[in-house]
S.K.: 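Here it is, the structure in full.
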Amino acid sequence: MALAVASGAVLAILVAVLTTLLAAVPAAAQGAGGFGGGLYGIDDGNYAVFSSRPGVGSGDAGGIHYDGSGSSPVYQNGGGGRGVDAEYNRQIVPYVSADPPGTVIVDTGARFLYLLQGGGRAVRYGIGVGREGFAWNGAERISRKAEWPAWIPPAEMHARRPGLPERMEGGPDNPLGARALYLGNTLYRIHGTNEADSIGQAVSSGCIRMRNDDVIDLYNRVRIGTLVRVI
C-alpha cells in the first residue's frame, strides 16, 4: 500500500514538471520570430515573402559565418548549403556555344547557370528559377554588382505585407544573399539566397538564385557589361 502511494506521488511530480516545460515552449518560439530572428522564405515580386526560420541566428547562414564587415564569408562546408542535391554543385562541364568566353547562359529548364570558358567548356552552377507564370527569357547585360546588397521592399509589397521593414541592410538574413548581379534596367537579378534548399526549384518571381558561395564565385569572375542569356 505504501509503495503504491509513493509511486503515485512520483508520477504526479513528473506530470507537473512536464506540464510546466510544455507551457514554456510557445513563449520561446515567439521569441525567435519577427524580423530580428532571421528572414526566410520565397521570393515574391522579386523581393520576398518571409517567415521566421528557427535555428539560424544572425551569425550563421547555413554553414557561413558573417562578420558584418562586408567581406566574404568563411565557409565551413564544401556543399555551400544544407538540403541541396549534389547535382547542383559547381563544376566544369562540356558546353558548346557560339557565344564568346565570359558569356553567362541561364538554362531555366535545367536549373543550371553556365559561365562559358572557351574550348567547349563552362563552369556550371545550380540555380533556383521563376515559378510557373514568372519564367522569362531573353538577353541582358550586367548593369551593376553589389556585395551583401540591401533589400528595400517596394510600396506594393508593403501593401501586401504590412509590417515589413522599410530597408534591410545586407547580411546573412537578407533574402538577396551575399552578392547581386543586376540585369539591365529590369527588376531581375542573379543573387544569393538564405534559402539554399530552393536551389534546383522553381520558386522565385523571375530572379535567378544561387547558393552564396556560388554567387560569390560568379561575382568574382564576371564584370559589368557581361552578356547574360536566359533560355
Side-chain angles (χ1 to χ4, degrees), residues 42-48 72 79-81 84-152 154 170 174-231:
I42 296 176
D43 186 299
D44 177 44
N46 297 315
Y47 296 93
S72 297
V84 180
D85 193 307
E87 176 186 10
Y88 298 111
N89 287 347
R90 181 171 70 243
Q91 57 187 290
I92 300 291
V93 298
Y95 195 92
V96 177
S97 173
D99 289 302
T103 301
V104 172
I105 307 292
V106 179
D107 188 334
T108 56
R111 313 287 199 264
F112 290 123
L113 180 150
Y114 299 88
L115 176 60
L116 304 186
Q117 301 293 291
R121 294 163 66 81
V123 183
R124 190 183 76 182
Y125 309 83
I127 57 173
V129 301
R131 62 185 182 270
E132 185 176 354
F134 290 86
W136 64 283
N137 57 69
E140 295 288 347
R141 292 189 180 273
I142 294 173
S143 55
R144 186 163 79 88
K145 298 169 63 178
E147 298 186 12
W148 294 106
W151 173 54
I152 305 174
N174 191 299
L176 299 184
R179 301 289 186 272
L181 303 168
Y182 296 80
L183 302 179
N185 294 319
T186 73
L187 289 175
Y188 299 123
R189 65 209 133 196
I190 300 168
H191 64 77
T193 182
N194 57 10
E195 192 178 3
D197 54 4
S198 68
I199 300 304
Q201 307 298 316
V203 293
S204 81
S205 293
C207 284
I208 306 303
R209 297 179 176 189
M210 303 177 71
R211 288 181 286 187
N212 278 329
D213 55 346
D214 284 346
V215 79
I216 290 173
D217 184 81
L218 180 66
Y219 181 100
N220 291 335
R221 292 173 182 263
V222 301
R223 60 178 183 269
I224 292 175
T226 293
L227 178 64
V228 178
R229 292 193 187 279
V230 180
I231 60 176

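Values below: all heavy atoms of this structure, side chains included; hydrogens, waters and symmetry mates excluded.
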S.K.: Where is the tightest heavy-atom contact between Ile224 and Ser143, given as atom of each residue plus distance?
M.R.: CG2-O, 4.0 Å

S.K.: Give me the atom names and distance for the closest heavy-atom approach of His191 to Leu176.
M.R.: CB-O, 3.5 Å

S.K.: At their closest point, which heavy atom of Thr103 faces which heavy atom of Asp99, and how far apart are they?
M.R.: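 Minimum heavy-atom separation between Thr103 and Asp99: OG1-CB, 3.7 Å.
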
S.K.: What are the two closest heavy atoms between Glu140 and Gly184, and how far apart are they?
M.R.: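 Looking at all heavy atoms of both residues, the shortest contact is OE1-CA, 3.6 Å.
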
S.K.: Can you give me the closest heavy-atom contact between Gly200 and Tyr88, atom names plus distance?
M.R.: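 Gly200 and Tyr88 have their closest heavy atoms at CA-CZ, 3.6 Å.
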
S.K.: With side-chain contact (heavy atoms from CB on, under 4.5 Å) as the test, would you mind laying out the steps for Arg90 and Met210 before giving the verdict?
M.R.: CA-CA 10 Å; Arg90 181 171 70 243; Met210 303 177 71; over 6 Å; no

S.K.: Nearest heavy-atom pair of Trp151 and Asn174: which atoms, and what distance?
M.R.: N-ND2, 3.4 Å

S.K.: Quick one: are Val123 and Ile92 in side-chain contact, heavy atoms under 4.5 Å?
M.R.: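 Yes, their side chains come closer than 4.5 Å.
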
S.K.: Which value, rounded to the nearest 0.5 Å, describes the distance between Ile199 atom CD1 and Asp85 atom CG?
M.R.: 12.0 Å

S.K.: I would like to know whether Val230 and Tyr188 meet side-chain contact (heavy atoms from CB on, under 4.5 Å); could you show each step before the answer?
M.R.: CA-CA 11 Å; Val230 180; Tyr188 299 123; over 6 Å; no

S.K.: Under a 3.5 Å cutoff, is there a donor and acceptor pairing between the side chains of Asp217 and Tyr125?
M.R.: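 Distance-only check passes for Asp217 and Tyr125.
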
S.K.: What is the distance from atom CZ of Arg141 to atom CZ of Arg229, rounded to the nearest 0.5 Å?
M.R.: 8.5 Å

S.K.: Check whether any side-chain heavy atom of Asn89 sits under 4.5 Å from a side-chain heavy atom of Arg211, and report yes or no.
M.R.: yes

S.K.: Evaluate the criterion side-chain contact (heavy atoms from CB on, under 4.5 Å) for residue pair Phe112 and Glu87; output intermediate values, then yes/no.
M.R.: CA-CA 10 Å; Phe112 290 123; Glu87 176 186 10; 3.8 Å; yes

S.K.: Hey, what do you get for CD1 (Ile127) to OG1 (Thr193), rounding to the nearest 0.5 Å?
M.R.: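 One gets 12.5 Å once the value is rounded to the nearest 0.5 Å.
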
S.K.: Please say which of Ile142, Leu181, Ile105, Leu113 ends up in a side-chain contact (heavy atoms from CB on, under 4.5 Å) with Val228.
M.R.: Ile142

S.K.: Quick one: pull up CD1 in Ile208 and CZ in Arg111 and give me the separation to the nearest 0.5 Å.
M.R.: 10.0 Å

S.K.: Mind checking whether Thr108 and Asn137 have side chains closer than 4.5 Å, heavy atoms only?
M.R.: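 With C-beta onward as the side chain, the pair stays apart.
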
S.K.: Supply the atom-to-atom distance Asp214 CG to Arg209 CZ, rounded to the nearest 0.5 angstrom.
M.R.: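 Asp214 CG to Arg209 CZ: 14.5 Å, rounded to 0.5 Å.
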
S.K.: Do Pro149 and Tyr182 come within less than 4.5 Å of each other through their side chains, counting heavy atoms only?
M.R.: yes

S.K.: Under 4.5 Å between any side-chain heavy atoms of Arg179 and Trp148, yes or no?
M.R.: yes

